[in-house]
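A note on names: the letters A, B, ... follow the listed sequences, proteins ahead of strands, and every chain is numbered from 1. Quick note: numbers below take in every heavy atom, side chains included, and nothing from hydrogens, waters or symmetry partners. Since the structure is predicted, the reported quantities are computational estimates derived from the model, not experimental observations.
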Amino acid sequence: MGTRTAAWRRALWRRPEWWTLGLSGLAWTALVARELRPHAAHHGNGLLASWLHWELMIVAMMLPFVADAVRLTAQKSLWPRRDRAIAGFLVGYLGPWTAAGLAVSAALALSGSPASPLAAAAGFALAAVWQLVPTRRRAARGCRLTMPLAPRGWRADRDCVRYGWRIGVACLTSCWALMLACALSGHHLLAMALCAAIGAADRFQRRADQRLLSATAGAAAGVCFAAALLVG
Amino acid sequence: MAITYDLTGPDKDRLNSWHWLHFPGADDAHLYTLTGVVRVEFRGTSGDDWRREEITLILPFPEGAVPDGQVLQVDYFTPSVHLSSVFNDNQAVNAGWAVNAFSGPGRPQIRSSLTVRVQAAVRDAEGVVFSLGFDVAVAGRFVDAPEEVHVRVRRDVWKLPEWDPVLLWYARAIAEMKTRPLDDPTSWRYQAAIHDYVRAADPLRSDSDSLPSATEQSRFWAQCQHFSWFFLPWHRIYLGYFEQIVSQTIQQLGGPSDWALPYWNYSDDGNPSQARRLPPAFRAAQTPDGEDNPLRVDDRRAAANAGQVIAQDLHVDLSCLLEPTFGGAAAGPAGFGGPAVRNHNIPGPVGALERTPHGDMHVRVGGWMSRFNTAALDPIFWLHHANIDRQWTVWKKRRPGQHVDPTGAGWLSEPFDFHNASGAIRTLTSAEVADSEASPFAYRYEDESDPLPAEEGPGALESLTMSRPPSDEPVPEMVGATEAPIRLGRQGASARVPLSAPRGPGLEALAAPTPPRIHLNIENIRGSHTTPYRVYVNVPEGDAPEDHPELLAGSLPMFGLHEASGGDPEHAPSGLTYAFDVTAIARRLGEAWNPNELRVTFVRDAFDDEEERAALEAPEPPPIEVGRVSVYQSR
């Protein structure tokens with residue numbers, strides 16, 4: 001190592017979560033592309049299609065929220081296995097969300113009715129209530145959890161997956177209602193953008209104004225309800 | 001160490017070849033150049049070790065230059081300072097030197113003098129006495145002199161007589177504040193609850209309490225910032241408003257208007273027999289007024305109230321002042337002020353100052369002071385935190401330009417809500433209190449000098465260089481960690497950390513001229529009972545750790561253990577993570593440092609014999625669990 005390392009390389013050292021955010025970007029691109037493609041095959045309401053759409057939404061919306069946990073997982077791992085550690089974390093993290101997605105998709109498929117503005121209104125109203133429940137706030141502190149990670153072998157993989165899982169459970173408990181509202185809106189881009197904004201305001205501020213966030217979700221419920229009246 | 005030469009007064013004989021020039025410019029601007037040579041008492045040492053000194057020069061400004069009632073508001077300031085003559089018994093010798101010169105904080109206003117701070121370092125120059133040449137250019141405009149701001153001076157409590165008026169008035173004010181209702185922001189208990197409050201565990205709880213509304217409690221109570229880089233600014237604001245409230249109470253009682261909170265300097269090497277005892281005014285049963293003494297709290301360790309020495313060297317250690325950066329990393333090195341937290345991200349290890357001496361002294365006083373939710377009920381809390389706040393100023397002053405506060409909006413603009421002495425709500429940010437004299441609280445400390453000897457520093461040569469841009473900051477790489485958790489009981493514990501060679505950023509250390517920096521992280525420490533430990537590294541097999549003070553990495557105070565382990569609704573139950581810089585130990589061991597394995601030994605930090613006996617007779621508390629021990633290497 002004669003010469004000083006290139007600046008871009010050092011920047012990547014500092015940001016091992018770069019490819020996680022890249023995945024999120026790709027997922028957003030796929031979601032936007034789906035919306036823009038007119039009447040494509042994806043409008044099938046099968047369980048699988050619905051569940052895939054949910055997974056895409058989670059990867060797009062939720063991965064930026066765990067960028068710091070991903071970074072920490074890499075920094076607390078031995079250098080050669082840092083990307084494997086991140087992969088383990090992501091597998092664990094997506095676990096609870098995947099399970100929730102299956103449940104939501106099954107419910108939607110069974111009910112037979114596609115997403116609608118009225119359903120979205122109900123979803124946002126539920127999110128507005130959930131935002132203020134103390135259980136949610138207590139669970140949300142788990143989003144900033146750290147855990148010891150074994151340095152090598154299968155235990156290291158196990159611990160990374162376990163860590164991702166625990167963050168995933170905290171995340172799910174905190175944000176399930178907002179994600180449900182998105183699903184009930186048919187993964188409408190505006191709904192997803194709004195939920196991402198509410199989630200970000202909650203996660204990335206030391207003292208988020210819960211009443212304001214709840215009111216925002218409530219306002220969204222009102223807008224959806226008005227849309228439902230206009231349509232129906 | 002620091003020396004000041006006041007060339008406007010007592011030291012003016014040291015000034016030679018002094019002359020100045022004045023250049024009036026456009027738009028009422030004025031440029032002055034000041035040139036001269038100062039004879040300083042700065043003796044070099046022989047050999048390769050750098051000897052550093054911080055020299056403050058108070059230079060005279062040309063007499064009559066500044067009109068009456070006005071000051072020169074400096075817009076532009078270029079100091080150039082150099083070591084000019086070097087003499088050793090009239091024989092010139094070669095000396096390596098480096099000089100950085102900085103003015104005081106902010107944009108200075110000059111009436112009759114200008115302060116220049118110089119960091120000088122020499123080596124290979126035994127016995128010589130130096131001269132400093134300076135060439136300073138100052139440009140600015142004349143403005144009306146501002147109103148005098150009265151600056152409070154916080155005094156060293158051990159330099160005051162037992163019942164100095166400062167302490168007597170403090171006691172009287174507390175007695176008065178205790179009569180105010182719980183929901184009055186200027187009451188004693190409300191002020192304490194701002195730190196933390198658990199109703200069920202409130203020792204002064206009574207059914208007749210009038211609690212503030214839930215909204216008010218959630219906004220103003222239990223707000224103490226711990227385990228993050230907001231620790232220092234939040235506590236500065238907390239103490240600032242507390243001081244104002246106490247001062248106003250004192251004035252209402254007929255006392256002086258310039259009361260300032262004293263500080264407790266337990267690290268004072270100049271007063272070793274007394275500094276580590278609780279000052280007598282905090283132990284006496286009664287005040288000179290014949291009243292029950294509000295400064296005394298029974299719920300402390302018996303040794304504290306008996307006036308015994310309650311701390312050892314490692315508890316009052318000030319190596320936190322050597323930390324090069326304010327904000328700590330997420331893993332590896334701790335910062336001076338605590339882990340950087342941007343956008344409420346997951347924090348790293350507890351900051352160096354917050355760990356020692358802050359956490360240690362909370363636990364050494366014991367009782368209320370050892371728990372978050374009762375600590376501020378003990379009047380000594382405020383003097384303890386005044387001393388911690390003072391270290392912030394000391395840290396910045398000892399390396400101006402290098403030891404700097406964070407510059408990002410994430411730290412600077414973070415707002416904190418409090419009540420002022422009139423009960424009105426006030427919001428302040430970290431930026432507004434970064435300089436205590438310029439802050440709304442307008443105070444300074446009696447002694448803000450550097451307590452560490454000049455040679456100190458894990459990389460004395462390194463710290464002479466200018467601070468690096470963020471893109472060039474070293475990136476720590478983990479080179480080893482334990483596989484399984486470690487239980488710490490009465491007997492302590494030990495563990496082996498297998499180390500591998502660095503494969504990434506840690507390799508930069510091998511190409512650097514200075515030895516690699518090695519940091520130890522004791523991660524995810526969880527438990528319910530605050531039992532402090534010490535940690536040693538690489539104690540030889542079979543040896544008692546106590547026989548190797550040179551291998552002591554530091555103290556694990558465990559202050560806040562319960563809150564960090566799930567006992568606090570604001571904190572994730574991650575437990576505490578502490579960081580230790582073991583670079584100096586590694587360098588001292590030299591060949592004996594094993595690059596393949598590091599051994600860590602935890603020893604329970606016993607209190608005095610009597611407490612030990614009582615502790616051993618009591619049932620053993622549940623063990624504290626250390627999640628992992630890890631080792632980081634960086635440039």
Contacting region of [X] [heavy-atom separation from chain B under 4.5 Å]:
| X | answer |
| --- | --- |
| A:Leu72 | side chain |
| A:Ala69 | both |
| A:Arg137 | side chain |

Practice problem: Could you tell me whether B:Arg426 and B:Asp417 make a salt bridge, using a distance below 4.0 angstrom between a side-chain N and a carboxylate O? | Solution: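 B:Asp417 and B:Arg426: not salt-bridged.
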Self-check item: Lys/Arg N to Asp/Glu carboxylate O, A:Asp202 vs A:Arg136, below 4.0 Å
Solution: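 Answer for the salt bridge query: yes.
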Heavy-atom pair count under 4.5 Å with chain B, highest-scoring of [options]:
| options | result |
| --- | --- |
| A:Arg138, A:Gln75, A:Gln205 | A:Gln205 |
| A:Arg206, A:Arg71, A:Arg207 | A:Arg206 |
| A:Ser77, A:Pro134, A:Ala156, A:Ala67 | A:Ser77 |

Non-hydrogen atoms of chain A under 4.5 Å away: do they reach the side chain of [X], the backbone, both or neither?
| X | answer |
| --- | --- |
| B:Pro498 | both |
| B:Val479 | backbone |
| B:Arg342 | neither |
| B:Gln223 | side chain |
| B:Thr482 | backbone |

Practice problem: Report the option among B:His571, B:Glu477, B:Glu523 that has the most heavy-atom pairs separated by less than 4.5 Å from atoms of chain A. | Solution: B:His571
Practice problem: State, with a plain yes or no, whether a side-chain heavy atom of A:Leu90 is found less than 4.5 Å away from one of A:Leu63. | Solution: yes
Quiz item: Are there more than 12 heavy atoms of other residues, nucleotides or ligands under 6.0 Å from atom NE2 of B:His344?
Solution: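 Counting neighbours around NE2 of B:His344, more than 12 heavy atoms of other residues, nucleotides or ligands fall under 6.0 Å, so yes.
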Quiz prompt | Validation row, ring centre A:Tyr163 to ring centre A:Tyr93 under 6.0 Å | solution = no
Quiz item: Is the A:Trp97-A:Trp176 ring centre distance short of 6.0 angstrom?
Solution: no
Quiz item: Within the distance-only criterion (no hydrogens, no angle test), does the side chain of B:Arg635 pair as donor or acceptor with the backbone N or O of B:Pro476 below 3.5 angstrom?
Solution: no
Quiz item: Got a donor-acceptor contact below 3.5 angstrom from the B:Asn343 side chain to the B:Asn345 backbone?
Solution: no
